[in-house]
2 protein chains.
Amino acid sequence: MDPHLLRTFVAVVRHGSFSAAARQLGYTQSAVSQHIAALETDLGTTLLHRRPVGPTKAGDRLLEHAAPLLLRLDAARADVLRVAGTPPGRLELAMTPLAATPRVAEALAGARRSAPGLQVGVRVEGRQAVVTGVVAGEYTLGLVEGVAAPSDPLRLSEAGNLTHVAVAEEPLAVLLPDDHPLARRAGLRLGDLVDARWIDAPDVAAPLPDLRAAAQSDAPRPSLRYDGTDVTALVTLVAAGHGLAIAPRRVTAGVPGVRAVPLTLPRLVHRTEALHGHDPGPAAAALAAALAFQARP
Amino acid sequence: MDPHLLRTFVAVVRHGSFSAAARQLGYTQSAVSQHIAALETDLGTTLLHRRPVGPTKAGDRLLEHAAPLLLRLDAARADVLRVAGTPPGRLELAMTPLAATPRVAEALAGARRSAPGLQVGVRVEGRQAVVTGVVAGEYTLGLVEGVAAPSDPLRLSEAGNLTHVAVAEEPLAVLLPDDHPLARRAGLRLGDLVDARWIDAPDVAAPLPDLRAAAQSDAPRPSLRYDGTDVTALVTLVAAGHGLAIAPRRVTAGVPGVRAVPLTLPRLVHRTEALHGHDPGPAAAALAAALAFQARP
DNA sequence: TTATCTTACGAGAACCGTAATGATG
DNA sequence: CATCATTACGGTTCTCGTAAGATAA
């Protein structure tokens, strides 16, 4: 099970075609065919059915393992190179949209002041992309956020051996249009809203699956999905009555037509964490330290 | 970064010798030397210093990744073979010592009744060995236990994409010798026992590191380490005054000279979970279902 | 010297591309 | 028949073992 074979396997599945995978990988169709044949012989099973090309049951299982495996392989290489290579005067910072707070900007400014020559790159992406990028060593530091029970760490998949540092915990609020019947309440329970329509905006609000897990029900069902990374767009959608969302209250600041009502049950917070690999270099370490907050017991 | 190279790398580090690793792997010393050289050239760093042989800093980082990587590779193969190969009439059950309860034995008996020809193998091991074995497909079903907050899942490292099924939650008790000043209390808090001497018996009682994590202090410090898997031995050690331990109260049943006082704070339970890969076959699935309990909300 | 790692070199295997063959819609 | 996967074949590269060389205890 050579990683190369696995890589072509996932490429074939993704493209649904041997030839397309070959093009992407810079191989001939023949080579791809031989790769798949090698895998299938090795495992003694057929992994793909052809015409149309798609994974068999066994192939599905392999696929589920292959991607994380390749990711960890990259992570290993990146991790070794990190301690070996000259610690670069660069800081590549990636974060999810809601993690971009003034506090982060200030801490970053502080880091630049104390290391004048520092090259800094900042990037805003979805949560998964941030985690993957940090694991693969593409970014030196990542800021991700999500919902969790108070002082619980975020449950990040594939965040293998990254270091977590708690950066912030904020109360969550239900975002409703101004004229919503519940908009004047002092607090809301998720149970009050089982029949509501929700906007699923995984990158820019509390992801609905996380809420369902926390609420131990399948209550919040999406009526609209928003895939961008622009917070204002989401808030505008809420104001227009497309559905509700749950996010830290601050996102509604300055936007008319929307109210943020504190979420009282389940007891969840919006938590931000900094992620980095082993020894991310002095700049990233200093930044992470500056961002770290003391979790209240 | 061929897996073969990684495998020889970890073997070399483990043995502290190229030649020993070569013997174990069925290679020549030369081949091992070439493997390491290949890795070092590929990564552009020295991974080992020689005479004596040991990992460099970069090598340490690689080592940390290599073992899980190889494990997951085996897991992938096992997982594919599991769905491919004929579902065998075998059930290989592995469990940690405290998971071996009458309830498990009964459920196993039930599984054998409903599948008369079933070949069953049972094995008791340490927690890590059980998890590793299930991941690698060596066992069809694993039962592991540990301490956790009520209705929280166990935090298992390297349990990647295994299915967890809650099997039992039991209250925890502090095990003390009969003549201990606190032995007559109705309940004990961990804070009452900061100065006590503890027995660290990771396989057969609540592992001290888990307790420290839960208590958010470094309080329970070990005075004696017990590495066996025999519960009675631990209880006997407690009775003899070698130190305290935390375990489900039932382990003291019938043993004189020991008392089990309920642990009231932190609020922790002894939790048992069944682990299996995707589609472990009908026998294991039935057994897991029979063991599953309804977690109280 | 002795145990041990490294290097040189050659036989065999593995790998990928070209090109011919086969299968499917 | 056109598209796409498979198979046959050959040159190149890799890999490992043998054997000789280097190096530290």
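Just so it is clear: chains get the letters A, B, ... in the order the sequence lines come, proteins before strands, and each one is counted from 1.
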Using whole Å, report how far NE2 of B:His4 lies from P of C:dC15.
10 Å
Rounded distance (Å) that lies between atom P of D:dT7 and atom CZ of A:Phe18
11 Å
Quickly work out the B:Leu25 CG to D:dC16 P distance and round it to whole Å.
11 Å
Rounded to the nearest angstrom, tell me the gap between atom CG in A:Asp42 and atom C1' in C:dA14.
14 Å
Nearest to side-chain heavy atoms of A:Gln34, which nucleotide of C:dC16, D:dA5, C:dC5
C:dC16
In whole Å, what is the span from the CG atom of A:Leu48 to the P atom of C:dA23?
19 Å
Counting only N and O atoms by type, is there a donor-acceptor contact under 3.5 Å from the side chain of A:Thr56 to the main-chain atoms of A:Thr46?
yes
OP1 or OP2 of D:dT6 versus the side-chain N and O atoms of A:Ser33: is any pair under 4.0 Å?
yes
Please report, rounded to the nearest Å, how far the C1' atom of D:dC14 is from the CG atom of B:Leu5.
11 Å
Of the candidates D:dA5, C:dG17, C:dC5, the side chain of A:Val53 sits closest to D:dA5
B:Met1 pairs by side chain to side chain contact (heavy atoms under 4.5 Å, CB included) with which of A:Val80, A:Asp74, A:Leu73?
A:Leu73
A:Gln29 CD - C:dA19 P separation (whole Å)
13 Å
Measuring from atom CZ of A:Arg72 to atom CZ of B:Arg72, what distance do you get when rounded to the nearest 0.5 angstrom?
6.0 Å
Counting only side-chain heavy atoms from C-beta out, which of D:dA5, C:dC5, D:dC16 sits nearest to A:Ser19?
D:dA5
If you take the centroid of each ring, where Trp contributes its six-membered ring, are A:His242 and A:Tyr226 closer together than 6.0 Å?
no
Out of C:dC5, C:dT18, D:dG17, whichever nucleotide has its closest atom nearest the side chain of B:Ser17:
C:dC5
Using heavy-atom distances to pick each residue's nearest nucleotide on DNA chain C, tell me which of A:Tyr27 and A:Arg50 is more 5'.
A:Tyr27
Looking at B:His35, does any N or O in its side chain come under 4.0 Å of the phosphate oxygens OP1/OP2 on D:dC16?
yes
State whether the distance check finds a donor on one side and an acceptor on the other, under 3.5 Å, for side chain A:Ser30 versus base D:dT6.
no
Using a 4.0 Å heavy-atom cut-off, does A:Gly26 contact any base of the nucleic acid, only the sugar-phosphate backbone, or nothing at all?
sugar-phosphate
Is the NE2 atom of B:His49 crowded by more than 12 outside heavy atoms at less than 6.0 Å?
yes
Take atom CE of A:Met1 and atom P of C:dA14, then tell me their distance rounded to the nearest Å.
18 Å
